[in-house]
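Taking it in order: structure first as structure tokens, then the write-up.
Each chain gets a letter, A, B and so on, in the order its sequence line appears, and its residues count up from 1. Computed from a predicted structure; not experimentally measured.
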2 protein chains.
Amino acid sequence: MTKTRNHVTQSERTRRATLRDVAQLSGVSEISVSRVMRNAPSVSDRLRSRVLAAAGELGYTPNRLAGALKTSSTNLVAVIVPSIGNGVFPEVLDGIESVLADAGLRPVLGITQYDRAQEVQVLRDMLAWSPMGVILAGTDHEPAVTRMIDQQGIPVVEFMDIDRSPMQSAVGISNVKAAVAVADLLAKRNYKRPGYIGAWSERPDRSKARRLAFEARLVELGIPLVDREIASVRASAEVGAKTTETLLKRSPDIDAIFFANDDQALGALFYCQRTGRKVPDDIGIIGFNGIEIGSTTPTILASVVTPRFQMGVETAKLMLLAASDPSTRNVIDLGFEIRLGESI
Amino acid sequence: MTKTRNHVTQSERTRRATLRDVAQLSGVSEISVSRVMRNAPSVSDRLRSRVLAAAGELGYTPNRLAGALKTSSTNLVAVIVPSIGNGVFPEVLDGIESVLADAGLRPVLGITQYDRAQEVQVLRDMLAWSPMGVILAGTDHEPAVTRMIDQQGIPVVEFMDIDRSPMQSAVGISNVKAAVAVADLLAKRNYKRPGYIGAWSERPDRSKARRLAFEARLVELGIPLVDREIASVRASAEVGAKTTETLLKRSPDIDAIFFANDDQALGALFYCQRTGRKVPDDIGIIGFNGIEIGSTTPTILASVVTPRFQMGVETAKLMLLAASDPSTRNVIDLGFEIRLGESI
DNA sequence: CTGTTAGCGCATTCAG
DNA sequence: CTGAATGCGCTAACAG
């Protein structure tokens, strides 16, 4: 009669309800409760309602650890990004989360601080939870990353740039194309002495790839780069002002600057305003990312506008697709748009 | 001799290695492998190295689902915030993650879109994973939230404001004190006709509480609020410019505006600059949060600077403390600082 | 220091 | 449509 379970000595008040509790209260088998909770087919309405009543009474919540152990599949998605405090990743994450949430999936967050070794660590830790998929920033990873993901046999979607070929699928823009487009724009606007400013020692590498493409194109156009300045610290408006000052002091004849990000570009814009340099007459400024504030400044900031939220959305959609069809191999180029603004 | 496990029919190539595999290869018991993997005490160096060799060879990774099912404890922390795309939360999250990561804990992300019902849903879903703790934004939640967390008996830390009493512990600033300080500042600077601008229909409630405290204090000071404008959409610089235009058209004699956020305040600053209004001579502007760009504008934006990264750090630290001592009940007031800038 | 036993809570067989 | 048996992979609690 009574189930073989007499060690009910421990304080029952605090114990979480299980399938068995619901089964006993409603007088059905555990498996029937399981079926009801999962909305599995083949359950009579009568049984269903009895079970739901009992579950409600006990405040039963399925223990996903147990379910996942059995099925070895979870609704967790490992999302690994280099940073989160500022910059572009929060907006991408927002897009990712909005799609995942609608599909009943949960992002588990990992941050690498732009450190490839940390990416491996974080991924290893997350894979121990058997996530149903992995989302990574960039397409440049340690071999161990590829190996570990292959071994688990789960989908992976990489987002940001699509200049390298991804492990499976990727969503992003071509940084090379963007760099070329900016160089072409500078040429078209008759700038002759271009400069470049970056930050954070060009972490991640894709910003360096972008710069190299920019410089290469300038050479082709016959207006080679005059000078560049790469800050060692993270990008910010203040750093933008400082690097601009440094660069212009060293190479006063620079007539346009391409910035690796809008934070620095805005700092430069304000710096020029304070020091009486006319933008774009004395110096042209163009940034990267197209952050919102730049479109409201008295001199609207020129910038390469990247579709960050949408990038997250498409990334998550691709994850969903790959979940239902593991053979999915897509590369989605979302393209970019150049906001000309008034600073170039 | 051979373990009772002869259904090794399924493709072995793809199966993930388990404790048993490592145990068999290294010729020890499963529990010994377990102890080695967890760095448990009482393991001889010889055994340890043998096990590690075998584990390495097999590429063994512990399955945390199984471990967690057994111990009913995880290294997951549910982190639930209203939004992530912009604003203050990414920076707080950054602080949270940095501390959690060092402690071997992983944030699982939930986003509520400022919807209390969604907060309940998301929390319920996350609790099914038996997180070791919960971190929530704000101190205003559905009763179900409190009930569910109490029932699980896990620590919860709330961050942002500390004007209400928290479920257990909280980290943040007093929005009331901040509002009073701004009102006092306006009085001291001899502004007589103050206005207020907010956005997003005052979601979350704490921004409304801040406004009400601001208005109440103004009455005490004898300079009651002249007019206010609350946008229904999310805050942005563009919205800041528009709401400012609306407000000033309706109440042209306003001589200072307190903004619910710096995005709108910056938009206002640029708007005034474009339309020839002198800041702060014609109109004073003060924002909220102290975002970095505001400190580099030609007219430096006055703002209430909130310690967002540190808020995340202290929140996570409190979570760690509560994990080791469940009786922890702390409220940490991080305070704020008013950056006077040049706009007020 | 090392091993044996016995589940954690659920879902996949396979029978009725 | 419903149920009984079995084990996912790991680890506490005990031996030895």
Close side-chain approach of B:Asp125 and A:Asn75, heavy atoms under 4.5 Å:
yes
Just how far, in rounded Å, is P of C:dG7 from CG of A:Asn63?
18 Å
Find the distance B:Ile31:CD1 to D:dG16:P and express it as a whole number of Å.
17 Å
Quick one: A:Asp21 CG to C:dC10 C1', roughly how many Å, whole number?
13 Å
Flag the pair A:Asp140 and A:Arg206 as a salt bridge only when some basic side-chain nitrogen lies within less than 4.0 angstrom of an acidic carboxylate oxygen.
no
Taking it one step at a time, do B:Glu158 and B:Arg164 satisfy side chain to side chain contact (heavy atoms under 4.5 Å, CB included)?
CA-CA 11 Å; B:Glu158 293 161 275; B:Arg164 292 155 166 263; over 6 Å; no
Taking only side-chain N and O atoms of B:Thr18, does any of them lie within less than 4.0 angstrom of OP1 or OP2 on D:dG9?
no
For a quick check of understanding: with a heavy-atom distance under 4.0 Å over all strands, which category does B:Ser42 fall into, base, sugar-phosphate or nothing?
base
Roughly, in whole Å, what's the span from CE in A:Met37 to C1' in C:dA11?
14 Å
Find the distance A:Asp45:CG to D:dT2:P and express it as a whole number of Å.
9 Å
Ranking D:dG3, D:dT11, C:dG3 by distance to the side chain of B:Ser32, first place goes to C:dG3
Using a 4.5 Å cut-off on heavy atoms from C-beta on, say whether the side chain of A:Leu127 contacts that of A:Pro131.
yes
Distance below 4.0 Å between A:Ser34 side-chain N/O and C:dA11 OP1 or OP2
yes
Please pick, from D:dC10, D:dT11, C:dT12, the nucleotide with the shortest atom-to-atom distance to any side-chain atom of A:Arg38.
C:dT12
Side-chain donor-acceptor pair present, A:Ser72, B:Arg16, cut-off under 3.5 Å
no
Find the distance A:Lys70:NZ to C:dC8:P and express it as a whole number of Å.
15 Å
Which of D:dC1, D:dA12, D:dG9 is nearest the side chain of A:Ser44? It is D:dC1
Remember a base hit wins even if backbone is also touched, and classify A:Leu65 as base, sugar-phosphate or nothing at under 4.0 Å, heavy atoms.
nothing
Closest nucleotide among D:dC10, C:dA11, C:dG3 to the B:Pro62 side chain:
D:dC10
Distance, rounded to the nearest Å, where A:Arg35 contributes CZ and C:dA11 contributes P:
11 Å
So does A:Tyr60 get a side-chain nitrogen or oxygen closer than 4.0 Å to the phosphate oxygens (OP1/OP2) of C:dC10?
yes
Whole Å only: how far is the CH2 atom of B:Trp129 from the P atom of C:dC10?
12 Å
Base, sugar-phosphate alone, or nothing: which one does A:Thr71 contact when heavy atoms must sit under 4.0 Å apart?
sugar-phosphate
